[in-house]
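Inspection log for the structure reproduced underneath, given as structure tokens.
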Protein chains: 2
Amino acid sequence: MRLTTKGRYAVTAMLDLALHASDGPISLADISERQGISLSYLEQLFAKLRRNDLVRSVRGPGGGYQLNREQHAIDVAEVIDAVNESVDATGCGHSGGGHTGGCQGGNTCLTHHLWCDLSSQIHEFLSQISLADLMARQDVQAVAKRQDREQQTLIDTSLIEAKVSA
Amino acid sequence: MRLTTKGRYAVTAMLDLALHASDGPISLADISERQGISLSYLEQLFAKLRRNDLVRSVRGPGGGYQLNREQHAIDVAEVIDAVNESVDATGCGHSGGGHTGGCQGGNTCLTHHLWCDLSSQIHEFLSQISLADLMARQDVQAVAKRQDREQQTLIDTSLIEAKVSA
DNA sequence: TAAAAACCGAGTGAATTACTTGGTTATATA
DNA sequence: TATATAACCAAGTAATTCACTCGGTTTTTA
């Protein structure tokens, strides 16, 4: 279980999808705008999310991505695991444990089991939080509301600019 | 609380110090041999550990490093924090939380509080584990015993080689 | 037919990791 | 007092990852 900004981006994007689920398919351009993540990076992340059956895509105009399961049936841990899929399995790290490398020559290192414990601890924590849980949080609601307002402002502004240039 | 191999190396090295505390100061060369970590890298890590008062050094022949506190008074979290000391404090991440960056323009991102929760969860877990706790673990005892045997074999071998070349 | 969107691959600058090289200083011991 | 040991220090470096850019193609709707 690697914990990097990559996984955070993925969870943020998935949560954005969940929050706007009622609007039909959501384009990555929308998510990019709202969450401040580059479009191409989102494309890479969603390719992995799609491969892991966490989202489904609709192509063409009006298309975008949708959650492939109910919001309470997707947990944070699997979102992070999906984008971190990197099959190395080198060293002593029996895949899944998260502790790959660090043990020399097939021998477990001193702290091997500690990291395994920690890894499962983190996994346990994150697998008990679903997208539905996140959506119910007050802080998430507040941020989401602000982001929608900001995006609307952007749209209005560009409409005005379009009229001015016409 | 960043979790990388860097922190793991540091904890492994500190645990090695704790396990051989009765032998007086331990040289980094010994730790390097036993734990398979490069000497210079250890030097860098121990410079930070020393700066954080986790170890003290003895220079000259027979010198090395010793724990600067009792084994039960040093926990895993502070060892990791010591080697990860990188004062950025950019973005929304109020230092200590661990979630730096990811929030655009001073605004907290959707999952800001989630990562703060997780970070404190991990910190909580690791701060409750002392070097003494680690030493008491059976798996650690077993690995330590094997490592000492291996090192002794190396010493014996080089002694024989020295005699042969003489 | 044009535009919107997913899909795809290659490349890139910045940061980090783990390490190497090549020193200097301090100190115990022969 | 000479020598070896070991901490201490600074610079550089290959490999990896991250987050992103660029330049496409394919599918689908209007």
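These figures come from a predicted structure and were not determined experimentally. Every chain is numbered from 1, with letters handed out A, B, ... down the list of sequences.
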- [ ] Return the value, rounded to whole Å, for the distance between atom CG of A:D30 and atom C1' of C:dA6.
- [x] 14 Å
Open item on the list: Please classify the nucleic acid contact of B:L28 as base, sugar-phosphate, or nothing, using heavy-atom distances under 4.0 Å.
Closed with: sugar-phosphate
TODO: Please state how far atom CD1 in B:I37 lies from atom C1' in C:dT20, giving the value in whole angstrom units.
DONE: 16 Å
Open item on the list: Taking side-chain hydrogen bond (donor to acceptor under 3.5 Å, both in side chains) as the criterion, tell me which of A:D16, A:T12, A:D139 meets it with B:T111.
Closed with: A:T12
Task: Sugar-phosphate only, base, or nothing, as touched by B:Y65 at under 4.0 Å among non-hydrogen atoms - done: sugar-phosphate
Task: Residue B:E70 excluded, over 12 heavy atoms near CD under 6.0 Å - done: no
TODO: Would you classify B:R50 as touching base, sugar-phosphate or nothing, given that sugar-phosphate means primed atoms plus P, OP1 and OP2, and contacts are heavy atoms under 4.0 Å?
DONE: sugar-phosphate
Open item on the list: Using whole Å, what does the distance between atom C1' of nucleotide D:dC8 and atom CG of B:L39 come to?
Closed with: 11 Å
Open item on the list: So which atom in B:I122 and which in A:L118 form the shortest heavy-atom distance, rounded to 0.1 Å?
Closed with: CG2-CD1, 4.1 Å
- [ ] Scan side-chain atoms only and decide if A:Q121 and B:Q121 contain a donor-acceptor pair under the 3.5 Å cut-off.
- [x] no
Open item on the list: Using the rule given for salt bridge (charged side-chain N to carboxylate O under 4.0 Å, His left out), can you reason through B:R137 versus A:D117, listing the C-alpha separation, both sets of side-chain angles and the distance that settles it, and then say yes or no?
Closed with: CA-CA 12 Å; B:R137 292 173 65 132; A:D117 286 358; 3.2 Å; yes
Task: Euclidean distance, atom CZ of residue B:R8 to atom P of C:dT17 [Å, nearest integer] - done: 12 Å
- [ ] Start with the C-alpha distance between A:K48 and A:E43, add both sets of side-chain angles, then the distance that settles salt bridge (charged side-chain N to carboxylate O under 4.0 Å, His left out), and finish with yes or no.
- [x] CA-CA 9 Å; A:K48 294 185 173 182; A:E43 284 178 350; over 6 Å; no
N/O to N/O distances under 3.5 Å, protein versus nucleotides 23-26 of chain C:
unit_1, atom_1, unit_2, atom_2, d
C:dT25, O2, B:R59, NH2, 2.7

Open item on the list: Using heavy-atom distances to pick each residue's nearest nucleotide on DNA chain C, tell me which of B:S40 and A:S40 is more 5'.
Closed with: A:S40
Task: Length of the CG-P vector between A:L42 and C:dA6, whole Å - done: 10 Å
Task: Protein-nucleotide distance (B:Y9, atom OH; C:dT16, atom P), rounded to Å - done: 18 Å
- [ ] Take atom NZ of A:K6 and atom P of C:dA15, then tell me their distance rounded to the nearest Å.
- [x] 19 Å
Task: Separation of atom NZ in A:K48 from atom P in C:dC8, rounded to whole Å - done: 14 Å
Open item on the list: Can you see whether A:H20 engages A:D148 through a side-chain donor-acceptor pair at a distance of less than 3.5 angstrom?
Closed with: yes
